[in-house]
Amino acid sequence: MNTIIQIISNMGQGIIADLNLFTLLMILVGSIVGMVCAAVPGLTLITGVILALPFTYAMDSTNAIILLTSIYLAGTYGGAFPAILFKIPGDPIHVPLLWDGYPMARQGLAAKALGWTLVATVAGGLFSIILLVLVSAPLAQVALKFSSPEYFAIVFLGLTSVLFLGNVSLRHSIVSLALGLLIATVGVEGMFGVDRFTFGTPLLRGGIDYLNVLIGVYAVAEIFARLEFGFSAPSLDTASTATTTLPSFKELRPRLGTYLRSGIIGTFIGFVPGAGATIASFIGYGIEQQVGPNKKEMGKGAPEGILASQTAATASVGGALIPLLTMGIPGSGATAIILGAFLLHGIQPGPAIFLNNGPLIYAIYGSLFICVIMMIFLGFLSVRPLMKILQAPEAVTSSFILVLCMLGAYALRSNLQDVWMLLIFGVVGYFLNRFDYPTTPLVLGVILGPLAESSFLTTMISFKNDWTVLFTRPVSAVFMTVSILSLVVAILLPMWNKYKERKLNKAHSDQLP
């Protein structure tokens with residue numbers, strides 16, 4: 001009981017700390033940028049976080065992180081507008097909205113579809129933020145008792161968990177992760193001071209900056225991919241009559257189960273490192289389609305389809321921030337960039353952050369609540385301005401983004417070689433996407449690789465090269481066992497599916513005359 005009272009007290013202080021003009025401006029700007037980037041096809045909310053990152057260099061750490069988290073949270077909402085009104089998802093998160101949101105709009109209920117989306121966004125955001133506030137501090141207290149074996153086991157789980165997510169092969173995921181780990185080894189090794197893969201280049205002795213990798217494989221690679229097709233995405237016509245109409249309480253009440261179910265699903269999936277809002281959105285919709293009371297109507301303009309996917313997508317934000325803050329492990333691509341911002345400002349997320357930077361954490365929590373409230377008003381006011389932005393030619397927006405990315409890379413160390421490094425990783429990211437290699441394992445390998453290496457070397461030094469300590473200490477044993485079992489399942493499951501498919505084909509061929 002005392003713990004809950006303390007958390008509520010800290011939250012009050014965090015919200016009060018946010019009630020200054022500059023912080024409120026950062027939340028407002030972040031909300032607008034997130035919605036715009038998610039609404040413009042091809043940009044995505046991750047691009048919005050990346051574009052804002054260079055502007056945070058000169059800010060204090062609190063406002064810098066608040067700006068990025070506001071973009072992340074609002075970005076889960078902005079792409080709903082083109083998805084519902086034009087059947088064009090601004091962000092992959094909003095693909096499930098096409099299946100019910102657009103049919104509802106075609107039935108003359110576009111305003112109601114946008115209203116259902118707004119309610120789902122607010123409900124999912126509040127659910128996961130409350131859970132984030134209640135769970136993070138107790139988890140951090142437990143994590144404070146961890147030593148280097150536990151840290152390595154946790155990071156190992158974070159590295160392996162990204163291998164089974166998405167629709168790509170395990171082989172491709174492992175190659176991408178290995179490439180990220182290789183990139184992380186470039187530079188002077190921290191414990192023994194040995195040069196690795198520097199090739200006599202002074203710039204590489206300091207390592208390859210993870211921000212160049214992030215911006216290159218996400219933003220620049222996407223621009224190259226769109227350049228390949230000649231920026232052929234059509235400009236959208238303005239929806240001059242678009243509005244937002246909230247559903248009544250009578251309509252909301254029978255669908256509370258959908259909210260609760262999707263909120264839990266989204267928060268849990270966000271907690272899984274590497275999953276993110278897109279997977280949460282698809283799984284939330286899929287489960288509702290299986291167990292929901294109105295599953296027969298889904299795909300024909302059912303409100304449950306909008307609620308399930310959008311609530312799960314927004315709820316994943318709070319879930320993804322839990323492992324980031326308590327263990328220093330990004331729960332999604334966007335939180336990987338936010339982790340970079342933490343490190344840029346000299347703050348290492350993890351259990352100690354609640355002791356060393358408590359006011360910062362609760363200011364972030366408070367800003368998330370304020371951001372949700374702002375999104376309610378922006379949901380009503382931003383429809384027509386967003387539709388105007390969607391009319392901009394794709395080549396113009398891509399050129400603007402590329403210039404900002406290059407300026408951000410140059411600002412890292414005021415070195416033109418960083419710009420070339422950015423473009424190189426843009427090419428790397430383009431070819432990875434071109435041949436169906438996921439980029440999330442690469443990014444997490446670059447960020448988590450040094451943490452895994454340092455904790456493993458510390459463990460070997462502290463325990464006299466006894467690697468079995470990873471399996472004899474209870475907490476590390478649990479994490480290592482889960483990691484290994486999940487790897488085994490990921491390897492054997494495709495083999496089992498292929499075996500069943502061959503058996504089915506054989507049975508079918510035997511039945512033919």
Side-chain angles (χ1 to χ4, degrees), residues 44 46 92-93 95 152-186 208 210 213-222 224-225 268-283 286 316 319-320 323-324 327 329-337 339-340 425-453 456 479-499 501:
T44 77
I46 291 181
I93 295 169
V95 170
F152 174 76
I154 291 171
V155 175
F156 184 68
L157 177 61
L159 289 171
T160 57
S161 64
V162 300
L163 299 178
F164 335 112
L165 301 173
N167 55 357
V168 295
S169 70
L170 178 64
R171 182 179 67 254
H172 285 190
S173 296
I174 291 175
V175 169
S176 179
L177 177 62
L179 180 59
L181 293 173
L182 177 64
I183 294 168
T185 63
V186 174
I208 296 175
Y210 54 84
V213 179
L214 286 172
I215 299 173
V217 301
Y218 281 130
V220 179
E222 180 64 26
F224 288 163
F268 176 77
I269 292 174
F271 185 83
V272 176
T278 300
I279 293 174
S281 177
F282 278 90
I283 292 180
S316 71
L324 173 67
M327 294 177 285
I329 297 175
S332 65
T335 50
I337 302 164
L339 172 60
F425 281 104
V427 173
V428 170
Y430 165 78
F431 280 107
L432 287 174
N433 292 325
R434 186 75 171 77
F435 295 101
D436 296 324
Y437 285 84
T439 54
T440 298
L442 181 144
V443 169
L444 291 186
V446 171
I447 292 177
L448 297 183
L451 298 176
E453 182 183 28
F456 181 77
F479 282 110
M480 292 298 294
T481 303
V482 171
S483 300
I484 293 172
L485 287 177
S486 58
L487 271 173
V488 171
V489 171
I491 294 171
L492 295 181
L493 188 60
M495 296 171 63
W496 173 250
N497 290 334
K498 287 182 179 179
Y499 169 76
E501 185 178 353

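Under the side chain to side chain contact (heavy atoms under 4.5 Å, CB included) criterion, Thr185 pairs with Leu182, Arg196, Phe197, not counting sequence neighbours. Scored by the side chain to side chain contact (heavy atoms under 4.5 Å, CB included) test, Ala184 finds Pro450 as partners (sequence neighbours excluded).
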Decide yes or no on side chain to side chain contact (heavy atoms under 4.5 Å, CB included) for Ile183 and Phe425, but give the supporting numbers first.
CA-CA 11 Å; Ile183 294 168; Phe425 281 104; 3.3 Å; yes
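Between the side chain of Ser483 and the backbone N or O of Phe479 there is at least one donor-acceptor pair closer than 3.5 Å. In this structure a side-chain-to-backbone donor-acceptor pair under 3.5 Å is present from Ser176 to Pro438.
In this structure, OG in Ser173 is found 11.0 Å from CG in Asp436, a value given to the nearest 0.5 Å.
Listed by first and then second residue, the salt bridge (Lys or Arg N to Asp or Glu O under 4.0 Å) pairs involving residues 438-447 amount to none (not counting sequence neighbours).
Minimum interatomic distance between Thr439 and Val217 (heavy atoms only, all atoms of both residues): CG2-O, 4.2 Å. For Gly429 against Ala221, the heavy-atom pair with the smallest separation is C-CB, 3.5 Å.
By the neighbour-count criterion of 12 heavy atoms within 6.0 Å, atom OH of Tyr430 is densely surrounded, having more than that number from other residues, nucleotides or ligands.
Checking Leu179, Leu181, Val175 one by one against Leu177, the side chain to side chain contact (heavy atoms under 4.5 Å, CB included) holds for a single residue, Leu181.
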